Structures are given as C-alpha cells and as structure tokens.
Amino acid sequence: MSASTPKVRIALVGAGLFATNRHAPALHALHSKVEVVAVYSRSEASSVKVASLFSSNPKAYFGDTYEEMLQRTDIDAVDIVLPIDTLLPSVEAALKHGKHVISEKPVAPSVKEGLDFIKKYETEYKPKGLVWAIAENYFYEPAGLLARDLIQNKKVIGQVMSTFAVRMSAMNAANKYFHTTWRQTPAYQGGFVLDGGVHDIALLRMILGEVAQVSAHAAQFSEDLPPMDTLAASLKFASGALATYSVCFSASSAQVVESTQQPLVTIVGTKGTIRLWLHRLELITATTSAADLGSPSSNVEVFPIPTFNMGQEAVTQEVSEFILAVQDKASARRLYSPRHGLQDVAVIESIINASKTSAYVTVPQVL
C-alpha cells in the first residue's frame, strides 16, 4: 500500500451509545485513512447529531433511507453498529450493494442464523473481493494479546490447568446501556449473557484455544433483565484445560467497584499464574509464596498496559485493521472473521442450552 492510497469512504450505520462513544472516535482517529461520507440511524435527530461530529460533513440518512444510502457509488464500506436482531439483514443489504462491511458483535443471534448467512457470504460475496469483519474489540485488547504471547509462545506458566473468569456488571437504571430499548426486551437468546458474554469468550478463546464442552446453571434475579442475568458455567478446552466462567449482570454498583480489584481472568499453569485485568497483567511464578502476594517480589512481575483507554484503543485497532484490509486486499490483516465471531456465539449458545438441561453440551465447531 503506497502513501498515495486513497481514503476509504465509509458510512457509519447506527447512532446509538456505542456508535457515538466508540466507533465515531475511532473513525475520527483514523481520518488519514478514512472519510466518513454518510451516517444512518432510524432516528433523524440521532443521525444528524452523529453526522455533526465529523468535519467531512457526511450526509445524514434516517428512517427508510438505508437502501437509498447504499445505492451511492461513492461509499466503499459501512461500519454497522445496530441492535443484535437487525445486524444480519443490514449486513446482507450492504454486501448486495457491493460494500465492504465491519459489523458489531455478536455476528448473529444464533448459530443457525449465523452459519446460514456466513455460507452465503463465502459463496456469493467473498469471491467478489468483499471484506466482512466482526468488530470484536476484546480480540484486540493489549492485555489479552500479551497473555496469549506469554502462554502460547513463551510458555512461561507451563501447561494451563485451570482458569477462573468473572464478570460483574450493574445493569440497572444508573447504567446508560440499561435504557437501550432493544436490550430491555431482547428478541434473541440470553439477553445480556449473549450480548456481553461473547466478549469474554472471544478473550478466553484467543488466549486458551477452543472450548470443547460446557455445563452451566443460569438464573434471573432482576425482573428487568430477562431471560437471565446470572450464569455459572464450567468449560473444558480442547487442550484439556478446565475453566469456570461466572457472570452477574444484576450486581450493585458498589459490588462492581469492589470486583474491579480482582482480576477479570486468572490462569493457573504448571509453572505459574497469570492474573489479567484489561489495564494490567500480573505474572506470578510457581515459587512465589502466599506472603509475597501482598508485597513487591521478584517473582511477581507486573505488566501495565499504557495504551488502555476504557476499550477505545481496541475499537480503533479493529476498525484500522478493517480499513487496511479494504485498501490492500493482498495483505494479511488481523481481522476477526465472521466464523470466529460465530464460534463465540456457539460457546454462549451451548452454555445457555446446558443451563436449561443440566447436561454436558458439546460445543459445535464452526471455524
């Protein structure tokens, strides 16, 4: 790719919270590579508001004008940030009009819906050179990438034996995402467990490999978070490593603040342990004594993540990789493929199914 490579002309599809707070800043940061020429939202006010964030003066589309926007020949690609149940139809419409696509996670509401369309993409649209990537920002989190390198390449903790992953969220009236209508009455399986859970599974898979089998229990403790808000799952990886995955979306704000003192993921190996937050990583060798954990020790190595910015850096990176792939299709970019996105859905769907039957469920492999 030369210095004279033209900018990718892109339309931002969606003007909700994540589109405004994460994707718009990412596109702005990439202004040397991309030009935002259009913004679409179901709401006129939202579309006009987000369009005003860009100095390129993109045209605001809204309501039933999505197809009209896609007919423009000066749009190369679309960045789709829409509700889960509307993602696939929007992706298909864009591909039909010859646009490259990056779409938010999860790739689809279910494995069947996702696999049916991915096969169509691979036979009808991919051969035409159209790029479709999934915006899974946890795949680009620096702390996760560091953990993967330490475990898979440097093998500093030996063979992974067990992993503990915990997510606590206060999904209540004080949380801005709680007020999203499509999240309050989800038209897809799992509610927040699917919506947020695919992030966690993407991170675990990136570090530890594929999940082979799961068992789980689920419950709903808040009447505002159907159909489930709490989950306790056991995972067995193809490598033989075991993991527990616990989620609670009905925690209080105080409980969530307290939980941030504990790692998001703890990975125990035969030679050491990794404790992972998104803003830092701790490597503890197997010779570290319990007393050392509360004080500085040569056996406890801390890796701060200087680029961590509440997830913005990872979102900017995923969009950048997509833009570079569109500009130079011959180069190998680090994209999160639709099948990788669907494998995350497959794990969460298997966990949901296991919680209903109290049985072990083998995770379908769709890669």
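Predicted model, so just to flag it, every value in this text is computed and none were measured.
Residues Leu53 and Tyr40 share a hydrophobic cluster, clusters being chains of Ile/Leu/Val/Met/Phe/Trp/Tyr side chains in contact below 4.5 Å. Note on Val111: it clusters hydrophobically with Tyr188, by side-chain heavy-atom contacts below 4.5 Å among ILVMFWY residues. Taking hydrophobic clusters as Ile, Leu, Val, Met, Phe, Trp and Tyr residues chained together by side-chain heavy-atom distances below 4.5 Å, Val268 does not share a cluster with Ile284. Under a hydrophobic-cluster definition in which Ile, Leu, Val, Met, Phe, Trp and Tyr are linked whenever side-chain heavy atoms come within less than 4.5 Å, directly or via other members, Leu242 and Ile274 are assigned to different clusters. Note on Val366 and Leu235: same hydrophobic cluster, where clusters join Ile, Leu, Val, Met, Phe, Trp and Tyr whose side-chain heavy atoms are under 4.5 Å apart, directly or indirectly.
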key: Residues Thr316, Gln312; criterion side-chain hydrogen bond (donor to acceptor under 3.5 Å, both in side chains); working and verdict   = CA-CA 6 Å; Thr316 302; Gln312 182 60 60; 3.2 Å; yes

message = What verdict does the side-chain hydrogen bond (donor to acceptor under 3.5 Å, both in side chains) test give for Arg72 and Tyr61, after you've listed the backbone C-alpha separation in whole Å, the side-chain angles of each residue and the deciding distance to 0.1 Å?
response = CA-CA 12 Å; Arg72 286 178 51 173; Tyr61 291 85; 3.2 Å; yes

Pair Lys154-Asp149, salt bridge (charged side-chain N to carboxylate O under 4.0 Å, His left out): steps then yes or no = CA-CA 6 Å; Lys154 297 185 171 64; Asp149 181 56; 2.4 Å; yes

key: side-chain hydrogen bond (donor to acceptor under 3.5 Å, both in side chains) between Glu113 and Ser110, intermediate numbers included   = CA-CA 5 Å; Glu113 292 169 274; Ser110 70; 2.7 Å; yes

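Looking at Glu122 and Lys120, no side-chain N of the basic residue comes within less than 4.0 Å of a carboxylate O on the acidic one, giving no salt bridge. A salt bridge links Asp195 with Arg183: the closest approach of a Lys/Arg side-chain nitrogen to an acidic carboxylate oxygen falls below 4.0 angstrom.
The 12-atom threshold is not exceeded at OH of Tyr360, counting heavy atoms of other residues, nucleotides or ligands nearer than 6.0 Å. No more than 12 heavy atoms of other residues, nucleotides or ligands lie within 6.0 Å of CZ in Arg42, so this atom counts as exposed by the packing criterion. Within 6.0 Å of NZ in Lys126 there are 12 or fewer heavy atoms belonging to other residues, nucleotides or ligands. Under a cut-off of 6.0 angstrom, the local environment of CG in Asp74 is crowded, with over 12 non-hydrogen atoms contributed by other residues, nucleotides or ligands. At most 12 heavy atoms of other shown residues, nucleotides or ligands fall within 6.0 angstrom of atom CD in Glu223. At most 12 non-hydrogen atoms from other residues, nucleotides or ligands lie less than 6.0 angstrom from CD of Gln159.
For the atom pair CD of Glu136 and CD of Glu141, the computed distance is 9.0 Å after rounding to the nearest 0.5 Å. Atom CD of Gln327 sits about 10.5 Å away from atom CZ of Phe322, to the nearest 0.5 Å. Atom NZ of Lys59 is separated from atom CE of Met69 by 11.0 Å, given to the nearest 0.5 angstrom. Here CD of Glu313 is found 6.5 Å from CD of Gln317. Values are rounded to the nearest 0.5 Å. Here the straight-line distance linking atom NE2 of His97 with atom OH of Tyr66 works out to 8.5 Å at 0.5 Å rounding. Separating the NZ atom in Lys155 from the CG atom in Leu150 is a distance of 12.0 Å, to the nearest 0.5 Å.
A cation-pi contact, defined as under 6.0 Å to the ring centre and within 45° of the axis, is absent between Arg167 and Phe192. The side-chain tip of Arg334 points at the ring of Tyr140 from less than 6.0 angstrom away and within 45° of straight on.
In plain terms, the two heavy atoms of Gly341 and Val107 that are nearest each other are C-CG1, 3.6 Å.
Taking the six-membered ring where the residue is Trp, the centroids of His23 and Phe18 are separated by under 6.0 Å.
Looking at Leu342 and Val345, their side chains come closer than 4.5 Å, going by heavy atoms from C-beta outward. Here the side chains of Ile80 and Ile102 are not in contact, with every heavy-atom distance at 4.5 Å or above. Looking at heavy atoms from C-beta onward, Tyr336 lies in side-chain contact with Asp344 at the 4.5 angstrom threshold. Between Leu264 and Leu276, the closest side-chain pair of non-hydrogen atoms is not below 4.5 Å. Between Val131 and Val101 the shortest side-chain heavy-atom distance does not fall below 4.5 Å. Taking 4.5 Å as the limit, some side-chain heavy atom of Leu225 sits within range of a side-chain heavy atom of Phe178. At a threshold of 4.5 Å between non-hydrogen side-chain atoms, the residues Phe139 and Ile134 do not count as touching. Between Phe303 and Glu282 the shortest side-chain heavy-atom distance does not fall below 4.5 Å.
In this pair, Phe117 and Trp132 present their aromatic rings perpendicular. The plane angle is above 60°, beyond the 30 to 60° band.
Exactly one of Val347, Leu367, Val363 qualifies for a side chain to side chain contact (heavy atoms under 4.5 Å, CB included) with Glu210. That residue is Leu367.
Counting only distance, with no hydrogens or angles, the side chain of Glu318 and the backbone of Asn137 share a donor-acceptor pair below 3.5 Å. Here the side chain of Tyr177 pairs no donor or acceptor atom with the backbone of Met171 at under 3.5 angstrom.
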